[in-house]
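Have a look at the structure below, then the notes.
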Amino acid sequence: MVALNHYLVLSAILFSIGTAGVFMRRNLITILLSIEIMLNAVNLTFVAFGRALGSADGQIIVFFVMTVAAAEAAVGLAIVIGLFRHKESLNPDSFASLKW
Amino acid sequence: MNDTAFYLFGAIAIGASLLVIAQRNPIYSVLLLIASFGALSGLYVLLDAPFVAVIQIIVYAGAIMVLFLFVVMLLNAPHEDTDFDERVHPLLRPGPMKLGAALALGLAAELGWALSRGGDTGAFSDAKVDSVAAIGRSLFTDYAFPFEVTSILILVAMVGAVVLARREDPR
């Protein structure tokens, strides 16, 4: 019988994959995608806990997390476009200087 | 039946997420992440949260990921330009990357250890909230203020994205 713990373990695995992606990839787009994986892992935790406690609050917080994720993706991608115009590169190591 | 579906969707979510960070071409990464979100949506259905399952598909896979795909195709930079050999195992790469990989492994081990200590498996009760009406009522009464603040957040993000992505000298 699948219970709360199974969902928490799955969520922990997904969150770790997202963390590994942020640290190991050298591409701004892939780093943003890894952050989305981490946000979704947390969403899964919220919904699983909401189900276990018999409350709607978990699903409502997921709604807010999705809103923030949409705002973050819009602003983050705008910054990526701006950076790409300057350096013609998506490697975060090439944006090490504060001023150009 | 439900257990089989959980393991199936969980395997798809983990496999697709692993491939997202293993791919070198960002377009494949975005498409695999959409597959992962589809599997997560199935998990939400199993958790009796149809509202979340549907907005996961419509908002996340439909809007946010399409925005990512649009930017990837707009920038047209399919390959990562790194100053080291991509074929080297991540744990053998130089400097901070090795440290980051070790840190992620440490996080996974720590989360697994913490979760294995609980004796109670947390079996689900019968008190489930699966009606969209209940969620909407709660959203517009108890959470009315955060809901309104969200609209300001969206507005600020919209203005910020327009300003940041604008050309330097608009003639």
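Chain naming here is simple, since letters A, B, ... match the order of the sequence lines and numbering starts at 1 in each.
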Quick one: what part of [X] sits under 4.5 Å from any heavy atom of chain A, side chain, backbone, both or neither?
X: B:Ala63; result: neither
X: B:Ile55; result: both
X: B:Met158; result: neither
X: B:Val162; result: neither
X: B:Phe68; result: both
X: B:Leu33; result: side chain
X: B:Leu67; result: both
X: B:Ser29; result: both

We want to know whether A:Gln59 and B:Tyr44 form a side-chain donor-acceptor pair, criterion being a heavy-atom distance below 3.5 angstrom.
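Per modelled atom types, A:Gln59 and B:Tyr44 side chains form no pair under 3.5 Å.
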Any donor-acceptor N or O pair under 3.5 Å, side chains A:Asn40, B:Gln56
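Indeed, the side chains of A:Asn40 and B:Gln56 share at least one donor-acceptor pair under 3.5 Å.
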Options A:Leu53, A:Leu32, A:Val62, ranked by heavy-atom pairs under 4.5 Å with chain B, top entry
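With the most close heavy-atom pairs to chain B, the winner is A:Leu32.
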Could you have a look at A:Leu33, A:Val75, A:Ile37, A:Ile29 and say which one has the most heavy-atom pairs with chain B under 4.5 angstrom?
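Max contact count across the listed options: A:Leu33.
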For a quick test of reading the model, state the closest non-hydrogen atom pair linking [X] to [Y] and the distance between them.
X: A:Ala78; Y: B:Ala161; answer: CB-O, 3.6 Å
X: A:Ala69; Y: B:Tyr60; answer: CB-OH, 3.2 Å
X: B:Ala165; Y: A:Arg85; answer: O-NH1, 3.0 Å
X: A:Ala20; Y: B:Ile21; answer: CB-CD1, 4.3 Å

Report yes if the side chains of [X] and [Y] come closer than 4.5 Å at any heavy-atom pair, otherwise no.
X: A:Phe64; Y: B:Leu153; value: no
X: A:Leu10; Y: B:Phe9; value: no
X: A:Ser34; Y: B:Val20; value: no
X: B:Ile64; Y: A:Met66; value: no
X: A:Ile81; Y: B:Leu74; value: yes
X: B:Leu40; Y: A:Asn43; value: no
X: A:Leu77; Y: B:Phe70; value: no
X: A:Val80; Y: B:Leu75; value: yes

Within this structure, what is the [atom1]-[atom2] distance for the pair [X] and [Y], rounded to the nearest 0.5 Å?
X: B:Phe147; Y: A:Thr67; atom1: CZ; atom2: OG1; answer: 8.0 Å
X: A:Ile60; Y: B:Leu139; atom1: CD1; atom2: CG; answer: 5.5 Å
X: A:Leu14; Y: B:Leu18; atom1: CG; atom2: CG; answer: 9.0 Å
X: A:Phe15; Y: B:Leu107; atom1: CZ; atom2: CG; answer: 6.5 Å
X: B:Gln23; Y: A:Arg25; atom1: CD; atom2: CZ; answer: 8.5 Å

Between [options], which has the largest tally of heavy atom pairs under 4.5 Å with chain A?
options: B:Asn2, B:Thr150, B:Ile14; answer: B:Ile14
options: B:Ala134, B:Ser131, B:Pro146; answer: B:Pro146
options: B:Val156, B:Leu46, B:Asp142, B:Leu43; answer: B:Leu43

Check the pair B:Phe51 / A:Phe63 against side-chain contact (heavy atoms from CB on, under 4.5 Å), numbers first and verdict last.
CA-CA 9 Å; B:Phe51 173 68; A:Phe63 176 81; 4.2 Å; yes
Is there a donor-acceptor contact under 3.5 Å from the side chain of A:Arg51 to the main chain of B:Ala49?
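Judged by distance alone, no pair lies under 3.5 Å.
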Can you get from [X] to [Y] by hopping between Ile, Leu, Val, Met, Phe, Trp and Tyr side chains that sit under 4.5 Å apart?
X: B:Val59; Y: A:Phe46; answer: yes
X: B:Ile154; Y: B:Leu164; answer: no
X: B:Ile57; Y: A:Leu39; answer: no
X: A:Ile31; Y: A:Met38; answer: yes
X: A:Ile61; Y: B:Val132; answer: yes

Test question: given the 4.5 Å side-chain rule for I, L, V, M, F, W and Y, name all other residues clustered with B:Phe145, or answer none.
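Members alongside B:Phe145: B:Val149.
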Check whether A:Ser11 gets within reach of chain B through its side chain, its backbone, both or neither, counting any heavy atom under 4.5 Å.
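No part of it gets close to chain B.
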What part of A:Val68 gets within 4.5 angstrom of chain B, counting heavy atoms only: side chain, backbone, both, or neither?
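Backbone plus side chain of A:Val68, per the 4.5 Å heavy-atom cut-off to chain B.
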Could you tell me if the ring centre of A:Tyr7 sits under 6.0 Å from that of B:Phe6?
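So the answer is yes for these two rings.
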Please report the C-alpha distance between A:Leu44 and B:Leu47 in whole Å, then the side-chain angles of each, then the deciding distance to 0.1 Å, and finally whether the side-chain contact (heavy atoms from CB on, under 4.5 Å) criterion is met.
CA-CA 9 Å; A:Leu44 185 62; B:Leu47 281 169; 4.2 Å; yes
Are B:Leu99 and A:Phe23 close enough, and set up right, to give a side-chain contact (heavy atoms from CB on, under 4.5 Å), and what steps lead you there?
CA-CA 8 Å; B:Leu99 213 65; A:Phe23 282 128; over 6 Å; no
